[in-house]
2 protein chains.
Amino acid sequence: MLRIGEVAARAGVSVRALRYYEEQGLLEAERTPSGQRRYPESAVGRVRFVQQLYAAGLTSRDVLEVLPCVHTGVATPAMLARLAEQRDGIDRQIAELTAARERLAEIIRIGEQYVPGGHGPSEEAVDACRPAASRPAAEALRPVG
Amino acid sequence: MLRIGEVAARAGVSVRALRYYEEQGLLEAERTPSGQRRYPESAVGRVRFVQQLYAAGLTSRDVLEVLPCVHTGVATPAMLARLAEQRDGIDRQIAELTAARERLAEIIRIGEQYVPGGHGPSEEAVDACRPAASRPAAEALRPVG
DNA sequence: CTAGGACCTGACGTTGACGTCAGGGTCAAG
DNA sequence: CTTGACCCTGACGTCAACGTCAGGTCCTAG
């Protein structure tokens, strides 16, 4: 059985975070007679999983909805629906991130092309800043006005 | 020239958000003699771009660091470095999201497999909750304790 | 037995991106 | 000329996931 500090260190989070997770019902702990928390090794993996879901934009409540699969080992249809919903949400996020990434990457490509020479503003660079959908407009993201 | 309400509607954000962007230096506006804001069409695209970067986890300050490419049309080496940094951050996020997504997807697959029958907890379902790295441990994410 | 590092429970502070309310101008239509 | 939708500037409220501080307990090495 691990003490809270050990779990925190192994999972790469703060002690405060673990107490917060308990508060939110995401992580239980046994208690010693004196009231100190004791965790099984499994807690480390669980904390990492929670962190992963947080990173995916889920809230504590979302995670709480999704975690029961852990206890029952099997999902109800309603839970499956929620799981699928969260998965789809993540898919949407990935799509958005990919779009944003591409946009930055294009700005970088064009920037790298023009910086060496060091000459003035390039239409292409400005162009890269515009949303793909409105490229023809040739206006977006240039100095407003 | 668009009024603030129109820009907000077209970009799918609140009027308050636009005023906030101005406060953060992310979006300028001309003013009518009476002090009302007027935006060019380009503002809509710009707002969408800012939203996209927010969705990618950038803060207002991050966006502010990245936006100047818009004004100069070309990036300084320092700016290119920041852009690359943000792009790499997004890449890391995408990787994490993909991992989280896969984990949820696996839970769903196994859940779908066992729910129809409606019998008890399945080891596989529990297994899917564990981090791939610690699969051999066969402990993580089961009822803690 | 004692020092000090780890742990405990409140409970208030923080940060970012807005929401919301108060109190008051603006302006096209009827 | 008045009504009602839209706009303005403060300025305080919100929510999540913790950070941090206070004041006290536990426990392990020396």
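Naming: A, B, ... by sequence-line order, numbering from 1 per chain. Note that these values count all heavy atoms, side chains included, but never hydrogens, waters or copies made by symmetry.
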Requested in this report: Mind checking salt bridge (charged side-chain N to carboxylate O under 4.0 Å, His left out) for B/Asp91 and listing every partner two or more places apart, or none if nothing turns up?
Outcome: A/Arg101
Query raised in the report: Do A/Glu28 and A/Tyr21 pass the side-chain hydrogen bond (donor to acceptor under 3.5 Å, both in side chains) test, and can you show the C-alpha distance, the side-chain angles, and the key distance before you say yes or no?
Result: CA-CA 8 Å; A/Glu28 306 130 45; A/Tyr21 295 168; over 6 Å; no
In this structure, how many angstroms lie between the [atom2] atom of [N] and the [atom1] atom of [X], rounded?
X	N	atom1	atom2	value
A/Leu2	C/dA6	CG	P	15 Å
A/Ile4	C/dT9	CD1	C1'	12 Å
A/Glu22	D/dC18	CD	C1'	15 Å
B/Arg37	D/dT9	CZ	C1'	9 Å

Query - Phosphate OP1/OP2 of D/dC18: any A/Arg19 side-chain N/O under 4.0 Å - result: no
Query raised in the report: A/Arg31 side chain N/O closer than 4.0 Å to the phosphate oxygens (OP1, OP2) of C/dT9?
Result: yes
Report task. If a protein heavy atom is under 4.0 Å from the base, mark B; if only from the sugar-phosphate, S; if neither, -; do that for nucleotides 16-30 of chain C going 5' to 3'. Result -> -BBBB----BSS---
Query raised in the report: For atom CZ of B/Arg61, is the number of surrounding heavy atoms from other residues, nucleotides or ligands below 6.0 Å larger than 12?
Result: no
Query raised in the report: Mind checking whether A/Ile4 and A/Arg19 have side chains closer than 4.5 Å, heavy atoms only?
Result: yes
Report task. Return yes if a side-chain donor-acceptor contact under 3.5 Å exists between A/Arg31 and A/Gln36, otherwise no. Result -> no
Query - A/Arg10/A/Glu6 under salt bridge (charged side-chain N to carboxylate O under 4.0 Å, His left out): CA gap, chis, key distance, verdict - result: CA-CA 6 Å; A/Arg10 291 198 201 177; A/Glu6 290 189 60; 3.7 Å; yes
